[in-house]
Amino acid sequence: MAIRALDELNEIQIDVLREIGNIGSGNAATALSAMLMHPINIAVPKIRILDYNDVVEALGGPETMIVGLMLMMEDDVQGMLMFLLEQEFADVTLSALMGEGYGSVAEMDEMCQSAIQEIGNIMAGSYVNAISEMADLQINISVPSVCVDMAGAILSVPAIHYANIGDKVIFIEDEFNRNGQESSSHVLMIPDVDSLKKIMTNLGIEV
Amino acid sequence: MSKTITVGIADLNAVRSPDVLVTYALGSCAGICLYDSATKIAGLAHILLPSSSMSRNMDLKEAMKFADTGIVLLVKKMEGMGAHRANLKAKIAGGAQMFAFKSASSDLGNIGARNVQSVKQTLAQLHIPIIAEDTGKDYGRTVFFYGENGAMKVKSVKKGEWVY
């Protein structure tokens with residue numbers, strides 16, 4: 001069966017994506033711990049194939065304020081990675097990184113912006129490395145762009161860009177725990193269809 | 001008592017006074033509000049993309065995604081309810097650039113602007129004048145459209161609210 005869109009993936013193929021998500025989330029927790037010099041625990045991530053409307057609901061509804069980080073994957077695998085951080089997660093991480101009194105994510109200054117970009121970079125690297133190591137593919141990522149706004153408005157960007165390959169995305173939900181403080185972040189992985197085929201083929205999965 | 005009807009993404013609907021239409025969190029998408037003040041029929045479409053030439057398989061659901069086909073469907077729906085095309089006036093919102101993103105390989109950056117442009121073109125072809133506009137810039141907008149008087153309220157988390 002040829003994959004034309006994400007909603008045509010079979011169970012085995014979805015399992016592969018789950019595994020990539022698992023490894024990526026583990027990498028991300030390790031990288032965040034190192035960056036914040038503090039142990040971060042992560043629950044087993046929930047990985048689902050959802051359409052945009054369900055993603056918006058999972059984030060708390062279209063008008064929920066959220067920090068969005070968008071990166072493009074280039075090289076062997078092409079597509080988009082988007083991190084959606086709850087404001088709380090962004091606040092906790094930023095205050096750990098920059099000390100108290102950095103203000104709030106909602107009114108970000110340049111320092112704050114580049115700190116968030118760096119977090120995005122590190123987290124994106126974690127997921128991308130999971131793919132490139134498992135599937136032996138070269139992947140580069142662009143510098144993340146940041147947007148703090150309503151979840152629905154942020155998600156309109158991938159929804160528009162990938163309208164031609166359907167309305168489903170790979171949605172990874174991470175629960176991070178630092179000092180008993182829970183906060184969550186979400187990752188959208190939207191590989192181009194050809195790239196998805198490449199990943200599957202390299203892992204010996206029939207496409 | 002008025003009802004509030006939600007218009008989703010790539011969706012459209014029309015109501016009679018005093019009902020209200022709302023579409024949440026327009027980013028690069030565009031919202032098109034049409035009003036016939038004689039019959040007090042209000043319509044709202046939330047489109048995703050500029051042109052139906054980008055479609056892979058056109059059907060009714062698909063047609064609501066695009067500015068050119070979505071607006072025509074909205075006008076037809078309103079006419080079906082008794083509105084007159086000659087009375088219709090438009091107010092438009094959305095088409096923001098959410099991420100400052102530069103990429104040589106894609107037109108990701110200006111899709112919002114292209115949506116607005118296509119909306120204007122389509123309305124011009126239908127001879128529907130645009131009497132208010134809150135488009136572009138870099139933030140999300142929620143749009144309320146009131147059947148009672150054709151007012152469009154735009155709400156944003158960063159920049160407050162306006163009524164047009």
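Chain identifiers are assigned alphabetically (A, B, ...) following the order of the sequence lines, protein sequences preceding nucleic acid strands; residue numbering begins at 1 within each chain. Note that the structure is a prediction, hence the values are computed from the model and not measured.
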Is any side-chain heavy atom of [Y] closer than 4.5 Å to one of [X]?
{"X": "B:V157", "Y": "A:E63", "answer": "no"}
{"X": "A:L155", "Y": "B:I9", "answer": "no"}
{"X": "A:M70", "Y": "B:M98", "answer": "no"}

Side chain, backbone, both or neither of [X] within contact of chain A (heavy atoms, under 4.5 Å):
{"X": "B:D138", "result": "backbone"}
{"X": "B:K155", "result": "both"}
{"X": "B:L26", "result": "backbone"}

Using a 4.5 angstrom heavy-atom cutoff, name the option from A:G152, A:A151, A:A159 with the most pairs to chain B. A:G152
Between A:C147, A:G68, A:G61, which residue shows the highest count of heavy-atom pairs closer than 4.5 Å to chain B? A:C147
Using every non-hydrogen atom in the two residues, find where [X] and [Y] come nearest and quote the distance to one decimal.
{"X": "B:A25", "Y": "A:P62", "answer": "CB-O, 3.4 Å"}
{"X": "B:G140", "Y": "A:A153", "answer": "CA-CB, 3.6 Å"}
{"X": "A:S156", "Y": "B:C29", "answer": "CB-SG, 3.8 Å"}

Answer yes or no: is there a donor N or O on one side and an acceptor on the other, between the side chain of B:S28 and the main chain of A:V157, under 3.5 Å? no
Using non-hydrogen atoms only, which part of A:V146 is less than 4.5 Å away from chain B: side chain, backbone, both, or neither? backbone
Are there over 12 heavy-atom neighbours, none belonging to [X], within less than 6.0 Å of that residue's [atom1]?
{"X": "B:K153", "atom1": "NZ", "answer": "yes"}
{"X": "A:D136", "atom1": "CG", "answer": "no"}
{"X": "A:E19", "atom1": "CD", "answer": "yes"}

Between atom CG of A:D149 and atom CZ of B:F99, what is the distance when rounded to the nearest 0.5 Å? 9.0 Å
